[in-house]
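Encoded as structure tokens, the structure appears first; notes follow it.
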Amino acid sequence: MNWSDVEIFLAIVREGTLGGAARRLGLTQPTMGRRLKAFEATLGQMLFQRTPDGFVLTDEGTAILVHAERMEEEALALRRALVGQERQLEGALRLSSSDWFGAHMLSPVLAEFSLQHPKVLVELVTDSRLLNLSRREADLVFRIAPFTEPDVISRKLIHIEYGLYAADGSEHPNLGDGAGARLVTMDEAFGGMPDVAWLKRALPKADVAMRSNNREVQATLCARGAGLAVLPRPLGDTVAGIERVDIGEAPPGRDTWVGYHRDLKRLARLRALLDLVIERLVN
């Protein structure tokens with residue numbers, strides 16, 4: 001069984017369409033279709049049912065899925081082992097973080113790192129998704145949720161204080177229960193965030209005026225007078241046009257964690273970048 005065929009099979013399983021799988025692997029949709037037909041012909045089995053909603057595994061496809069995933073784990077482990085042996089400071093590093101953390105916390109450090117190590121190409125993906133370190137979706141991940149995967153080396157990086165902000169010069173003499181106040185808050189997909197719960201408790205009668213999953217968007221809306229917003233202080237304290245509001249109780253802060261796959265612990269460029277991040281953000 002050819003690994004490249006298995007990779008195509010798994011991409012179709014995970015995306016559900018040829019188009020999605022093609023984008024995932026950087027191929028064209030016709031190429032994906034031809035490769036799938038050839039793979040099915042080699043096995044002598046139809047692996048997917050073609051339905052209006054996409055590709056659905058047949059019983060035969062389901063039967064080989066576990067073996068395909070085992071092959072993937074071995075291929076990825078081999079790739080990580082080879083990368084982990086590299087000692088020279090050149091090559092690529094893929095990082096993932098939230099939008100505001102990437103822009104306001106990491107970018108200055110990454111610029112400094114780039115000047116120190118010009119042969120290292122750093123790619124920063126700002127994404128709310130939890131990327132998979134085992135599948136090399138990222139090499140180094142910064143996030144607010146602790147890592148629980150057994151093959152990930154992680155540490156608490158920094159504690160971030162949050163604050164309640166309003167547009168400069170706006171009237172907020174005594175917010176009390178929030179009656180009459182307008183809020184800019186996280187969208188419903190992130191309704192379980194601690195700052196959302198804090199706003200509901202601290203200002204229960206305030207009206208939600210705007211929602212966004214992007215902290216910088218929230219800060220801009222706040223500066224334009226759309227409403228009060230809870231923001232990380234490293235962001236809120238530097239944005240023009242907003243000021244922090246003291247209502248006698250601060251919003252809950254959040255810890256930021258950093259993690260990478262254990263197979264990359266000897267990767268020199270990763271260690272060098274992580275050491276600089278810790279030196280600049282923690283020490």
Subject >> Any side-chain heavy-atom pair of Leu93 and Val120 under 4.5 Å >> reply: yes
Subject >> Taking every non-hydrogen atom, the tightest pair across Arg24 and Ala11 >> reply: CD-CB, 4.0 Å
Original post:
Once you round to the nearest 0.5 Å, how far does CE of Met71 lie from CD1 of Ile64?
Top reply: 10.0 Å
Original post:
So if you build clusters from Ile, Leu, Val, Met, Phe, Trp, Tyr with side-chain heavy-atom gaps below 4.5 Å, do Leu281 and Ile153 land together?
Top reply: yes
**OP:** Mind checking the CG-CG spacing from Asp263 to Asp151? Nearest 0.5 Å is all I need.
**Re:** 7.5 Å
Original post:
Any sub-3.5 Å donor-acceptor pair from Thr42's side-chain atoms to Ala38's backbone N or O?
Top reply: yes
**OP:** Give the C-alpha distance, both sets of side-chain angles, the deciding distance and a yes or no for side-chain contact (heavy atoms from CB on, under 4.5 Å) between Trp100 and Met105.
**Re:** CA-CA 8 Å; Trp100 82 266; Met105 304 294 284; 3.6 Å; yes
Original post:
How long is the span from the OG atom in Ser114 to the CG atom in Leu121, to the nearest 0.5 Å?
Top reply: 8.5 Å
Original post:
About how many Å separate CG of Leu89 and CD of Gln116, when rounded to the nearest 0.5 Å?
Top reply: 10.0 Å
Subject >> Test salt bridge (Lys or Arg N to Asp or Glu O under 4.0 Å) applied to Asp195 and Arg215, step by step >> reply: CA-CA 12 Å; Asp195 54 288; Arg215 295 290 189 185; 3.1 Å; yes
Subject >> pair Glu69-Leu65: side-chain heavy atoms closer than 4.5 Å >> reply: yes
Subject >> Sub-4.5 Å side-chain heavy-atom contact between Gln218 and Met186 >> reply: yes
Original post:
Please walk me through it: do Val141 and Phe147 pass side-chain contact (heavy atoms from CB on, under 4.5 Å)?
Top reply: CA-CA 10 Å; Val141 171; Phe147 295 84; 3.9 Å; yes
**OP:** Check for a donor-acceptor pair, side chain of Arg211 on one end and backbone N or O of Val184 on the other, with a separation under 3.5 Å.
**Re:** no
Original post:
Linking I/L/V/M/F/W/Y whenever any side-chain heavy atoms sit under 4.5 Å apart, do Met193 and Leu199 land together?
Top reply: no
Original post:
What pair of heavy atoms forms the shortest contact from Asp139 to Ala92, and how long is it?
Top reply: OD2-O, 4.1 Å
Subject >> side-chain hydrogen bond (donor to acceptor under 3.5 Å, both in side chains) between Glu216 and His104, worked out >> reply: CA-CA 10 Å; Glu216 290 185 295; His104 293 265; 3.0 Å; yes
**OP:** Side-chain contact test, heavy atoms from C-beta onward, threshold under 4.5 Å: evaluate it for Leu183 versus Asp207 and give yes or no.
**Re:** no
**OP:** Describe, in one word, how the ring planes of Phe48 and Phe9 are oriented to each other, choosing from parallel (under 30°), tilted (30 to 60°) and perpendicular (over 60°).
**Re:** tilted
**OP:** Could you grab the distance from atom OG1 of Thr185 to atom CG of Leu221, nearest 0.5 Å is fine?
**Re:** 11.5 Å
Subject >> Qualifying residues under side chain to side chain donor-acceptor pair (under 3.5 Å), relative to Glu188, sequence neighbours excluded >> reply: none
Original post:
Charged N to carboxylate O below 4.0 Å: is that the case for Asp255 and Arg143?
Top reply: no
Subject >> Salt-bridge contact Glu40-Arg35 (side-chain N to carboxylate O under 4.0 Å) >> reply: no
Could you list the donor-acceptor pairs under 3.5 angstrom formed by side chains in residues 222-237, with sequence neighbours left out?
unit_1 : atom_1 : unit_2 : atom_2 : d
Arg233 : NE     : Asp237 : OD2    : 3.0
Arg233 : NH2    : Asp237 : OD2    : 3.1
Asp237 : OD1    : Tyr165 : OH     : 2.5

Original post:
What heavy-atom pair brings Arg254 and Pro194 nearest, and what distance separates the two atoms?
Top reply: NH1-CD, 3.0 Å
Original post:
If only atom types and distance count, is the side chain of Ser107 paired as donor or acceptor with the main-chain N or O of Gly102 below 3.5 Å?
Top reply: yes
**OP:** Determine whether Arg155 and Val282 make a side-chain contact, defined as any pair of heavy atoms from C-beta on separated by less than 4.5 Å.
**Re:** yes
Original post:
Does Trp3 belong to the same Ile/Leu/Val/Met/Phe/Trp/Tyr cluster as Ile12, with side-chain heavy atoms less than 4.5 Å apart forming each link?
Top reply: yes
Subject >> Residue from Leu273, Leu274, Leu267 passing side chain to side chain contact (heavy atoms under 4.5 Å, CB included) with Arg271 >> reply: Leu274
Subject >> Min side-chain heavy-atom separation Leu95-Glu123 under 4.5 Å >> reply: no
Subject >> Any donor-acceptor pair under 3.5 Å from Thr58 side chain to Leu47 backbone >> reply: yes
**OP:** State, to 0.1 Å, how close Gly33 and Leu18 come at their nearest heavy-atom pair, and which atoms those are.
**Re:** CA-CD1, 4.0 Å
Original post:
When you check the gap from the basic side-chain N to the acidic O, do Asp177 and Lys205 get nearer than 4.0 Å?
Top reply: yes
Subject >> Spatial distance of atom CE (Met210) from atom CZ (Arg182) [nearest 0.5 Å] >> reply: 8.5 Å
Original post:
Between Ala68 and Leu10, what is the shortest heavy-atom contact and its length?
Top reply: O-CD1, 3.7 Å
Original post:
Taking Gln49 for the side chain and Leu57 for the main chain, is one N or O donor matched with an acceptor at less than 3.5 Å?
Top reply: no
Original post:
Do Arg14 and Glu7 sit within salt-bridge range, that is, some charged N less than 4.0 Å from a carboxylate O?
Top reply: no
Subject >> Side-chain donor-acceptor contact under 3.5 Å, Glu249 with Trp198 >> reply: yes
Subject >> same_hphob_cluster(Tyr260, Ile144) at 4.5 Å side-chain heavy-atom cutoff >> reply: no
Original post:
Would you say the side chain of Phe142 lies within less than 4.5 Å of the side chain of Trp257, judging by non-hydrogen atoms?
Top reply: no
Original post:
Between Gly20 and Thr17, which heavy-atom pair has the shortest distance, and what is it?
Top reply: N-OG1, 3.0 Å
Subject >> Val277 and Val258, any side-chain heavy atoms less than 4.5 Å apart >> reply: no
Original post:
Under a 4.5 Å side-chain heavy-atom rule over Ile, Leu, Val, Met, Phe, Trp and Tyr, are Val217 and Phe101 clustered together?
Top reply: no
Subject >> Leu124 vs Ser97, side-chain contact (heavy atoms from CB on, under 4.5 Å): CA-CA, chis, key distance, verdict >> reply: CA-CA 8 Å; Leu124 175 60; Ser97 76; 3.8 Å; yes
**OP:** Check the pair Met32, Leu25 against side-chain contact (heavy atoms from CB on, under 4.5 Å), reporting the backbone distance first and the verdict last.
**Re:** CA-CA 9 Å; Met32 292 292 292; Leu25 298 182; 4.3 Å; yes
**OP:** Verify whether one side chain among His117 and Glu90 offers a donor that lies under 3.5 Å from an acceptor in the other.
**Re:** no
